[in-house]
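Take a look at the structure set out below.
What you see is a predicted model; the values in this text were computed from it and never measured. Numbers restart at 1 for each chain; the letters A, B, ... are given by sequence-line order, proteins then strands.
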Amino acid sequence: MMKSKKIAYLSVMTCIALVIFAVEAQIPPLVPIPGIKLGLANIITLITLVYFGKREALAVLFVRIVLASLFAGTVTGFLYSIAGGLLSFLVMCLMLKISGKEKLWAVSAFAAMAHNTGQICVAAIITQTVQIFWYLPFLIISGIITGVFTGLCAGLVLKYLK
Amino acid sequence: MKADIKLISVFAFICLVCLLIMTLGNKGINQGTVAQIKLGDKVIRTINLSEVNEPYEFKVQTDDGGYNIIYVENGKIMIKDSDCPDKICVKQGYAYSGSLPIICLPHKLSVVILGKPEIDAVAGGQ
């Protein structure tokens, strides 16, 4: 793919991810547990990872998190997102190698669990509260549910991208 | 198909472990009557909930210019109001002996139930 064409595509991907993020932020939290959300923007990271590659997906993820935190206007929000985002990206790459493109829902579920774990570690450091880890089981289970959902979504989109 | 079943059972197992921790863990943990309110790494207030006779509330100014209004009753404590975007801390309701801590992530505020009853004297009242 031509370089400029690729940049254009990746910008569109980042833009879509940002819009999804903004829309999702309007949905009121369903459960009163800090850190649980659908993580729909992750669909875009997954698609970029499978369709373009690791470096491109990392770029889209990073730009999305930086811009999203700028729009939301919180420094702490950035710290939670970047820790979760990077950890989930690592797990995503690893799982993609192990289980392959066909099992995107499993890749995504592991990534979501990693995201929530990373987030809770940062939250524990920022608030200096070890007790936060009692939320981890809730976040792991929610990570599996939302991860499978976003993984299936990404798989469906990729079917039509070919 | 076989790989699917394998993966599903892995996830089911993880869920089971989590549920087990959720049901067993909380009972033995965070038992006590002392509520510690922290803003980031600073302890801003320590309240002995068993010594609260009259319910009262107070306002905490957070570092980012926001606020949390904390409501204290005998044996329990909650965040009554906050100007954080998601208000999850308000929805979490009361914290009491054996409950999960209340966390307001955007404000870096946490309310944790601490301590065995014997350290009450050291931690002090309201």
Would you give the length of the straight line joining atom [atom1] of [X] to atom [atom2] of [Y], rounded to the nearest 0.5 angstrom?
X        : Y        : atom1 : atom2 : answer
B/Ile8   : A/Trp105 : CD1   : CH2   : 4.5 Å
A/Ile144 : B/Cys18  : CD1   : SG    : 6.5 Å
B/Ile21  : A/Ile141 : CD1   : CD1   : 9.0 Å
A/Ile140 : B/Cys15  : CD1   : SG    : 9.5 Å
A/Glu102 : B/Asp4   : CD    : CG    : 10.5 Å
A/Gln131 : B/Gln36  : CD    : CD    : 8.0 Å

Say whether [X] and [Y] are linked into one hydrophobic cluster, either directly or through other cluster members, by side-chain heavy-atom distances under 4.5 angstrom.
X        : Y       : answer
B/Ile79  : B/Ile69 : no
A/Ile47  : A/Ile16 : yes
A/Leu90  : A/Val60 : no
B/Leu114 : B/Val43 : no
A/Trp134 : B/Val17 : yes

Heavy-atom cut-off 4.5 Å, strictly under: side chain, backbone, both or neither for [X] against chain A?
X        : result
B/Lys38  : side chain
B/Leu105 : both
B/Val10  : side chain

Between B/Pro85, B/Ala3, B/Ser110, B/Gly40, which has the largest tally of heavy atom pairs under 4.5 Å with chain A?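 Option with the top pair count is B/Gly40.
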May I ask you to list the residues in residues 117-130 of chain A that approach chain B closer than 4.5 angstrom, counting heavy atoms only, ordered by number?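 The list, in residue order, reads A/Ala123, A/Ile126, A/Thr127, A/Gln128, A/Thr129.
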Chain B neighbours within residues 28-35 of chain A, where any heavy atom lies under 4.5 Å away: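 Listed by number: A/Pro29, A/Pro32, A/Ile33, A/Pro34, A/Gly35.
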Within a strict 4.5 Å, meaning less than it, do heavy atoms of the A/Ile145 and B/Phe11 side chains meet?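 A side-chain contact under 4.5 Å is absent here.
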State which residues pass salt bridge (charged side-chain N to carboxylate O under 4.0 Å, His left out) with A/Lys54; sequence neighbours excluded, sorted by chain then number. none
May I ask you to name which of A/Ile36, A/Ile132, A/Leu136 has the most heavy-atom pairs under 4.5 Å with chain B? A/Ile132
I need the residue from A/Ala109, A/Ala106, A/Gly77 with the largest number of non-hydrogen atom pairs under 4.5 Å to chain B. A/Ala106
Inspect the surroundings of OH in B/Tyr71 and state if more than 12 heavy atoms from other residues, nucleotides or ligands are less than 6.0 Å away. yes
For A/Phe52, is the CZ atom crowded, meaning more than 12 foreign heavy atoms sit under 6.0 Å from it?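 For A/Phe52, atom CZ is crowded (more than 12 foreign heavy atoms under 6.0 Å).
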Donor-acceptor check, side chain of A/Tyr135 to backbone of B/Leu100, threshold 3.5 angstrom: yes or no? no
Strictly by side chain to side chain donor-acceptor pair (under 3.5 Å), give each pair with a member in residues 14-33 of chain A just once, sequence neighbours left out.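 Pairs touching residues 14-33 of chain A that pass the test: none.
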